[in-house]
Every structure is written in C-alpha cells, then in structure tokens.
J.: 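The structure's right below; bear with me while I get my questions together.
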Amino acid sequence: MAVYVGIDIHKRFCQAALMNENGLIRELRFENTLQGASCLVNLARSIDTHVKAVVEPSANYWIKIYDKLEDEGFEVKLSNPSRTKAIAEARLKMDKQDAKTLAYLLRGDLVAESYVPTKKNRERRTLIRHRANLMKMRVEVKNRIHTLLDKHDLTYEYTDLFGKEGLEWLRSLSLSTTDDHILKSNLQILGTLNEQIRDADIQIAKDAVNEEQAKLLMTMPGVDYYASMILLSEIGEVKRFASPEKLVSWVGLAPQVHQSGETHWTGHITRKGSKRARWI
C-alpha cells in the first residue's frame with residue numbers, strides 16, 4: 001500500500017490531493033513554504049509511511065516543495081505539464097491539471113516526468129544565470145553612456161571605449177551639471193558590475209577546474225570554462241538521452257520536419273529546449 005499525493009503549485013499557496021488504492025482520502029491547502037510542506041509531510045505519513053508524490057512545476061515555486069519532500073524520503077516526480085495534460089485528456093477525459101488529476105495519474109503510473117537537475121547543477125545554473133544578468137546590466141549601462149556622448153556630440157578614437165584608456169578619457173570629461181553627475185554615476189555602476197562579473201567568473205572557473213567532465217569538454221576547440229559549465233549545468237546527465245540525435249532535438253538544433261503525402265521538406269531549427277545550451 002501507498003499514499004499518492006498530487007500537488008498543484010502556486011506562488012503563495014499549494015493544493016494537495018492524497019489518495020490510496022481506493023480513491024481520494026484528503027485534500028490540503030497549504031502555504032508554499034517549508035513550514036507548509038512540513039504540514040503535508042506529517043499528514044501523508046499519518047496515512048501511510050510509503051508516500052509517492054508528483055509536483056506540477058510553476059516557475060521556480062516548486063523547488064522548495066520538491067526538495068523538502070525528497071529530503072523526507074518521499075518518491076517524488078516532477079510533472080511535464082504539456083505531456084501530462086495530454087495523457088489526462090486521453091485517459092481521464094480531464095483537461096484541467098489540478099492536484100486530484102495529478103494524484104490519479106500518479107496512482108496509475110501515468111505521469112509524464114520532467115527531468116530534475118541535481119541540486120549541484122541547480123546551483124551552477126543559478127550562478128551562470130546570475131552572471132548573464134550582470135552582463136545584461138553592463139550592456140545597458142554602456143548604452144546609457146553612449147547616449148550621453150551622442151547627446152553632447154562627443155566622439156572618440158579608442159578601439160575599446162571601456163578599456164583602460166577609454167575609461168580614463170570618460171572620467172576626464174566635464175559635461176553639464178546634470179549629465180556630468182549621470183556620467184560619473186554610470187561609470188561607478190560600470191566599475192561595480194565589472195568587479196561582480198570577475199567574481200562570478202572566478203567561481204565558475206574554480207568549479208570547472210574541479211569537474212572532470214568540464215575539463216574533457218574544454219579539450220574541444222572553442223570551448224572554454226564558461227561554455228563547458230553552461231553545457232554541464234543545462235544538459236545534466238547526458239546518459240538520459242538515448243542517442244546523440246535526441247540530445248540535438250532537446251537542445252532545439254534539429255530542423256522542423258513537414259510532411260504531406262509524398263511531399264517532405266525541412267524548415268528552420270525548432271528552438272525548443274535550453275536556449276543557453278543552444279547558444280553555446
């Protein structure tokens with residue numbers, strides 16, 4: 001015997017449905033917090049010690065609940081929303097993917113699972129995405145500085161405006177009172193962002209040096225520590241792909257295939273899957 005738990009995740013609250021082999025036992029609405037998850041754990045264990053659960057992903061709101069249940073020793077699955085909905089419509093004639101539907105599917109071993117990266121890989125992704133956000137912010141600051149220069153009809157001959165000589169020239173400029181203040185402020189922000197990006201690069205490089213798979217990837221021309229860590233963090237366990245073609249399809253680099261009767265043609269790449277892995 002076992003208790004099957006379907007969990008519908010939202011930003012602030014979650015809805016859980018608990019079933020056994022005979023049907024629905026209890027429903028529970030709880031806060032999307034560790035304390036709320038503990039209430040679900042205690043309720044499930046009061047019914048049966050063998051607990052299976054399925055969590056519906058919603059942005060990053062599912063992570064703390066998933067990790068809590070996994071740490072408690074539950075058998076946890078992460079639902080693939082589109083595929084699970086298709087199964088629900090075909091088998092249960094339900095188009096709404098709520099907690100009870102998920103519990104029904106779990107009890108029948110019909111849940112379409114999504115891949116869940118290890119905690120280590122999720123930490124890597126977080127750091128890499130943090131660096132990407134810093135880079136985006138730096139581009140915005142540089143664009144604001146270029147706008148100020150255009151406003152005052154200022155030109156430069158430096159190959160890299162934000163290199164050593166270019167920055168010295170920017171700091172030496174004296175614009176109108178307001179624009180001068182804005183320029184100096186943007187230069188300070190730029191300096192801070194450069195430091196933060198360097199710090200992130202150091203952390204990513206340290207991780208790459210201690211990771212055998214990353215060092216193997218770096219033997220390929222054009223793949224540095226940053227590219228290798230993006231590939232590792234996004235792809236995860238490569239053996240989950242049955243063939244190289246399935247990996248190519250997952251990354252979204254496979255062309256779209258159109259077929260009608262005897263006519264067959266291919267289109268652009270699908271662009272499905274991880275955009276970061278596809279970019280690399």
Side-chain angles (χ1 to χ4, degrees), residues 1-123 125-126 234-237 239-242 246 249-250 270 272-274:
M1 295 291 289
V3 58
Y4 303 91
V5 185
I7 308 168
D8 190 13
I9 303 287
H10 298 280
K11 182 177 181 179
R12 295 184 61 189
F13 293 95
C14 304
Q15 184 71 27
L18 292 84
M19 293 183 180
N20 62 11
E21 301 295 343
N22 299 319
L24 183 67
I25 303 172
R26 287 281 303 275
E27 291 187 79
L28 176 69
R29 180 179 171 87
F30 60 95
E31 291 185 350
N32 191 349
T33 61
L34 292 177
Q35 184 176 358
S38 294
C39 294
L40 174 62
V41 169
N42 294 334
L43 176 60
R45 281 193 171 140
S46 69
I47 299 170
D48 199 299
T49 56
H50 187 196
V51 183
K52 297 182 178 182
V54 57
V55 176
E56 180 192 21
S58 177
N60 286 327
Y61 306 135
W62 61 272
I63 295 176
K64 68 168 76 76
I65 303 299
Y66 183 97
D67 285 348
K68 174 65 175 176
L69 298 182
E70 191 176 54
D71 291 342
E72 292 290 340
F74 290 8
E75 294 181 32
V76 194
K77 296 182 178 181
L78 183 67
S79 167
N80 182 309
S82 58
R83 291 176 59 198
T84 297
K85 182 179 179 181
I87 294 171
E89 290 177 341
R91 297 297 185 93
L92 304 177
K93 309 303 179 186
M94 298 177 178
D95 60 357
K96 185 179 180 182
Q97 188 169 310
D98 57 12
K100 285 188 285 188
T101 304
L102 290 169
Y104 273 121
L105 293 171
L106 180 63
R107 189 178 63 172
D109 195 23
L110 295 171
V111 173
E113 291 186 66
S114 287
Y115 170 69
V116 180
T118 62
K119 291 181 181 179
K120 184 177 182 179
N121 257 5
R122 275 184 265 154
E123 290 294 321
R125 284 186 183 183
T126 299
E234 293 294 326
I235 294 173
E237 179 51 65
K239 291 182 180 179
R240 66 191 177 98
F241 298 100
K246 290 190 179 296
S249 177
W250 176 83
T270 62
K272 294 180 180 180
S274 169

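Counting begins at 1 with the first residue of the sequence.
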J.: How about Phe241: does its CZ atom have over 12 heavy atoms from other parts shown lying under 6.0 Å from it?
T.: yes
J.: Which heavy atom in Val55 sits nearest to a heavy atom in Val76, and how many Å separate them?
T.: CG2-CG1, 4.0 Å
J.: Output yes when a side-chain donor or acceptor of Arg240 lies under 3.5 Å from a complementary backbone atom of Ile235, and no otherwise.
T.: yes
J.: So which atom in Leu102 and which in Val111 form the shortest heavy-atom distance, rounded to 0.1 Å?
T.: O-CG2, 4.3 Å
J.: Ignoring hydrogens and angles, tell me if any N or O in the side chain of Asn32 forms a donor-acceptor pair with the backbone of His10 under 3.5 Å.
T.: yes
J.: Tell me, do Val5 and Leu40 make a side-chain contact under 4.5 Å, heavy atoms counted?
T.: yes
J.: Quick one: which of Leu69, Val54, Leu28 gives a side chain to side chain contact (heavy atoms under 4.5 Å, CB included) with Ile7?
T.: Leu69
J.: Between Val116 and Arg122, is any pair of side-chain heavy atoms under 4.5 Å apart?
T.: yes
J.: Can you name the closest pair of heavy atoms from Ser79 and Ser114 and give their distance?
T.: O-OG, 3.3 Å
J.: Is there a side chain to side chain contact (heavy atoms under 4.5 Å, CB included) between Asp48 and Asn20 once you walk through the steps?
T.: CA-CA 9 Å; Asp48 199 299; Asn20 62 11; over 6 Å; no
J.: Could you walk me through whether Ile9 and Ile65 pass the side chain to side chain contact (heavy atoms under 4.5 Å, CB included) test, one step at a time?
T.: CA-CA 9 Å; Ile9 303 287; Ile65 303 299; 4.0 Å; yes
J.: Is the backbone of Arg45 close enough, under 3.5 Å, to the side chain of Asn42 for a donor and an acceptor to pair up by distance?
T.: no
J.: Kindly indicate whether the side chain of Phe30, heavy atoms from C-beta on, has any atom under 4.5 Å from the side chain of Ser38.
T.: no
J.: Is the backbone of Lys246 close enough, under 3.5 Å, to the side chain of Ser249 for a donor and an acceptor to pair up by distance?
T.: no
J.: Working to the nearest 0.5 angstrom, can you tell me the gap between Glu234 CD and Asn121 CG?
T.: 9.0 Å
J.: Of all the heavy-atom pairs spanning Lys77 and Tyr66, show the shortest one and how long it is.
T.: C-CE1, 4.1 Å
J.: side-chain hydrogen bond (donor to acceptor under 3.5 Å, both in side chains) for Glu75 and His50? Distances and angles first, verdict last.
T.: CA-CA 8 Å; Glu75 294 181 32; His50 187 196; 2.9 Å; yes
J.: With the side chain counted from C-beta on, respond yes when Phe13 and Glu31 share a heavy-atom pair under 4.5 Å apart, and no when they do not.
T.: yes
J.: Any side-chain heavy atom of Tyr4 sitting closer than 4.5 Å to one from Glu21?
T.: yes
J.: Counting N and O atoms only, with roles assigned by atom type, does the side chain of Arg26 sit under 3.5 Å from a partner on the main chain of Leu18, one being a donor and the other an acceptor?
T.: no
J.: Indicate the atoms forming the closest heavy-atom contact of Tyr115 with Leu78, along with that distance.
T.: O-CD2, 4.4 Å
J.: If you round to the nearest 0.5 Å, how far is OG1 of Thr126 from CD1 of Ile63?
T.: 7.0 Å
J.: Look at Lys64 together with Asp71 and state whether they make a salt bridge at an N to O cut-off of under 4.0 Å.
T.: no
J.: So which heavy atom on Trp62 is nearest to which on Glu56, and how close?
T.: CB-O, 4.1 Å
J.: Please determine if Glu72 and Lys68 form a salt bridge, counting it only when a charged side-chain N lies under 4.0 Å from a carboxylate O.
T.: yes
J.: Tell me, do Asp67 and Lys119 make a side-chain contact under 4.5 Å, heavy atoms counted?
T.: yes
